[in-house]
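The figures here come from the full heavy-atom set of this structure, side chains too, leaving out hydrogens, waters and symmetry mates. Residue indices begin at 1 and follow the sequence shown.
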Amino acid sequence: MMLKYLIQKEFLQIRRNAFLPRLIIIFPIMMMCVMPWVMTQEVKNVRVDVVDNDRSTLSRQLVQSIEASNYFVFNGQKPTYNAALKDIEKMDADVVLVIPQNYSRDITQRRSPRVLIAANAVNGTKGSMGGTYLSQIVMAHVSPTVTAMQSKVSTLFLYNKNLNYKVFMIPALFAIVMMLMCGFLPTLNIVGEKETGTIEQINVTPVPKWIFILAKLVPYWLIALFVIVVCLVLSWAIYGITCQGPLWLVFALAMLLALFWSSFGLVISNYSDTMQQAVFVMWFFVVCMLLLSGLFTPVRSMPYVAYLTTYINPMHYFVDAIRTVFVRGGGFLSVAHQLLALFIIAATMGILAVSSYRKNHS
């Protein structure tokens, strides 16, 4: 009965707050409606300058292929390479293609013309991908044999046949929403009661620490369930993307991640005296865990020391497991080790949340 009344108190505090109920409803909706369009991994709208020193029929065909591509924005032709390079220096162009003299003659005589591709590598991803796209178009024109061989190659894409980046990113959004909703709100909970002085009324009661902390955690577990349901419905309704694996695994992973973040938030609030201090500490850990989780980049691309941190990063286990279940349709055995790791990390953090809370009796 004691736990029941404490949980009721937490929900009353949330309901009486004019901002929190709106945030809990609006935040996941806005994330699911906006972020899948913004967090694109496709490189498009690469601005291209062309210097055509040959001005032949074949060189015009190459230029027309670039203009017709959906990945490029054709800036037009420049008279010299130096003129095109000035566009790159002014950030008006991303890639420059220089077609040499005798381009058509070399192709006719079955020799490989030396086409220059200069890319602005200030943005390394855009520069490298833009140069790669442009190289593929040039190769298709310069070497018809390679094109003929490529036409005979059959490529089979597994799990994401249309190469839709939203299929890859939407499960990752679940992790971000859970992290922000179940991490920051508990962080501000106890600190807020410290600043208002209401926590002293709990400290002088015979309520055990574990019941008090459990009452703080339960509302955020229910919020996590609500957030996951909203995300799953919006993923299906807006993007037509559904979970390929068992839904109960999605909820199991979400609850374990919610347990970790809510417990972690309470640990920070137990050691913080002001909301500003709690937010800064929480933000530090959130950014580190997010960037080292493999959400945006493969963890194997990281330096070895950074890669070792993924073994204690719950976000890494969640992102890896949720993509396995949601995209590939993996079952329990496919994510068993991630579930076990999440359970151990979340349980450890829950125990730490209880032990770190100190009741100061008056």
Open item on the list: As a quick check of understanding, evaluate side-chain contact (heavy atoms from CB on, under 4.5 Å) for Ser334 and Val325, giving each step before the final call.
Closed with: CA-CA 8 Å; Ser334 301; Val325 175; over 6 Å; no
More than 12 heavy atoms of other residues, nucleotides or ligands under 6.0 Å from [atom1] of [X]: is that the case?
{"X": "Trp210", "atom1": "CH2", "value": "no"}
{"X": "Gln109", "atom1": "CD", "value": "yes"}
{"X": "Trp248", "atom1": "CH2", "value": "yes"}
{"X": "Phe74", "atom1": "CZ", "value": "yes"}
{"X": "Ile211", "atom1": "CD1", "value": "yes"}
{"X": "Phe280", "atom1": "CZ", "value": "no"}

Please check if [X] and [Y] belong to a single hydrophobic cluster, counting links between Ile, Leu, Val, Met, Phe, Trp and Tyr side chain heavy atoms closer than 4.5 Å.
{"X": "Ile7", "Y": "Leu185", "value": "yes"}
{"X": "Ile312", "Y": "Met179", "value": "no"}
{"X": "Ile241", "Y": "Tyr165", "value": "yes"}
{"X": "Phe285", "Y": "Leu257", "value": "yes"}
{"X": "Val51", "Y": "Val48", "value": "no"}

Keeping [X] on the side-chain end and [Y] on the backbone end, is there a donor-acceptor pair under 3.5 Å?
{"X": "Arg22", "Y": "Phe27", "answer": "no"}
{"X": "Thr310", "Y": "Asn313", "answer": "no"}
{"X": "Tyr317", "Y": "Tyr311", "answer": "yes"}
{"X": "Arg323", "Y": "Phe168", "answer": "yes"}
{"X": "Asn120", "Y": "Gly127", "answer": "no"}
{"X": "Tyr133", "Y": "Ser69", "answer": "no"}
{"X": "Arg111", "Y": "Arg105", "answer": "no"}
{"X": "Gln244", "Y": "Thr242", "answer": "yes"}
{"X": "Asn270", "Y": "Leu266", "answer": "yes"}
{"X": "Asn53", "Y": "Gln101", "answer": "no"}

Task: Derivation of the side-chain contact (heavy atoms from CB on, under 4.5 Å) call for Tyr307 and Arg300 - done: CA-CA 7 Å; Tyr307 172 72; Arg300 292 289 182 179; 3.0 Å; yes
Please report the interatomic distance [atom1]([X]) to [atom2]([Y]), rounded to the nearest 0.5 Å.
{"X": "Ser293", "Y": "His316", "atom1": "OG", "atom2": "NE2", "answer": "8.5 Å"}
{"X": "Ile176", "Y": "Met32", "atom1": "CD1", "atom2": "CE", "answer": "11.0 Å"}
{"X": "Leu234", "Y": "Cys33", "atom1": "CG", "atom2": "SG", "answer": "5.5 Å"}
{"X": "Lys216", "Y": "Ser262", "atom1": "NZ", "atom2": "OG", "answer": "12.5 Å"}
{"X": "Trp261", "Y": "Met349", "atom1": "CH2", "atom2": "CE", "answer": "9.0 Å"}
{"X": "Lys126", "Y": "Arg47", "atom1": "NZ", "atom2": "CZ", "answer": "5.0 Å"}

Open item on the list: If we count only N and O atoms by modelled type, under 3.5 Å, do the side chains of Ser59 and Asp52 hold a donor and an acceptor together?
Closed with: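 Yes, Asp52 and Ser59 have a side-chain donor paired with an acceptor closer than 3.5 Å.
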TODO: Taking atom types as modelled, find out whether Asp54 and Ser56 have a side-chain donor-acceptor pair closer than 3.5 angstrom.
DONE: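 Short answer, yes.
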TODO: Sequence neighbours left out, what passes side chain to side chain donor-acceptor pair (under 3.5 Å) with Ser65? Give chain and number order.
DONE: His141
Task: Results of side chain to side chain contact (heavy atoms under 4.5 Å, CB included) for Ala93 - residues two or more places apart only - done: Asp49, Asn75, Asp87, Ile88
Minimum heavy-atom distance between [X] and [Y], given as atom pair plus value:
{"X": "Pro314", "Y": "Leu342", "answer": "O-CD2, 3.5 Å"}
{"X": "Ser235", "Y": "Phe326", "answer": "OG-CZ, 3.8 Å"}
{"X": "Ile137", "Y": "Leu62", "answer": "CG2-CD1, 3.9 Å"}
{"X": "Leu295", "Y": "Ala175", "answer": "CD1-CB, 4.4 Å"}
{"X": "Gly131", "Y": "Val95", "answer": "N-CG2, 4.4 Å"}
{"X": "Ala252", "Y": "Leu339", "answer": "CB-CD2, 4.5 Å"}

TODO: Have a look at Phe226 and tell me which of Ile223, Val229, Val230 forms a side chain to side chain contact (heavy atoms under 4.5 Å, CB included) with it.
DONE: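 With Phe226 as partner, Ile223, Val229, Val230 yield a single side chain to side chain contact (heavy atoms under 4.5 Å, CB included), made by Val230.
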Task: Criterion side chain to side chain contact (heavy atoms under 4.5 Å, CB included) against Ile117, the qualifying member of Val96, Val98, Leu97 - done: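 Looking at Val96, Val98, Leu97, the match for Ile117 under the side chain to side chain contact (heavy atoms under 4.5 Å, CB included) is Leu97.
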Within-4.5 Å side-chain heavy-atom neighbours: [X] and [Y]:
{"X": "Tyr71", "Y": "Gln136", "answer": "no"}
{"X": "Leu352", "Y": "Ser355", "answer": "yes"}
{"X": "Gln77", "Y": "Arg55", "answer": "yes"}
{"X": "Trp283", "Y": "Phe184", "answer": "yes"}
{"X": "Phe343", "Y": "Phe260", "answer": "no"}
{"X": "Pro36", "Y": "Leu173", "answer": "yes"}
{"X": "Val63", "Y": "Ile99", "answer": "yes"}
{"X": "Ser104", "Y": "Thr57", "answer": "no"}

Open item on the list: One pair to check against side-chain contact (heavy atoms from CB on, under 4.5 Å): Phe72 and Asn45. What are the steps and the verdict?
Closed with: CA-CA 5 Å; Phe72 296 111; Asn45 300 321; over 6 Å; no
TODO: Applying side-chain contact (heavy atoms from CB on, under 4.5 Å), run through Ile228 and Met178 and close with a yes or a no.
DONE: CA-CA 8 Å; Ile228 285 296; Met178 295 279 295; 3.8 Å; yes
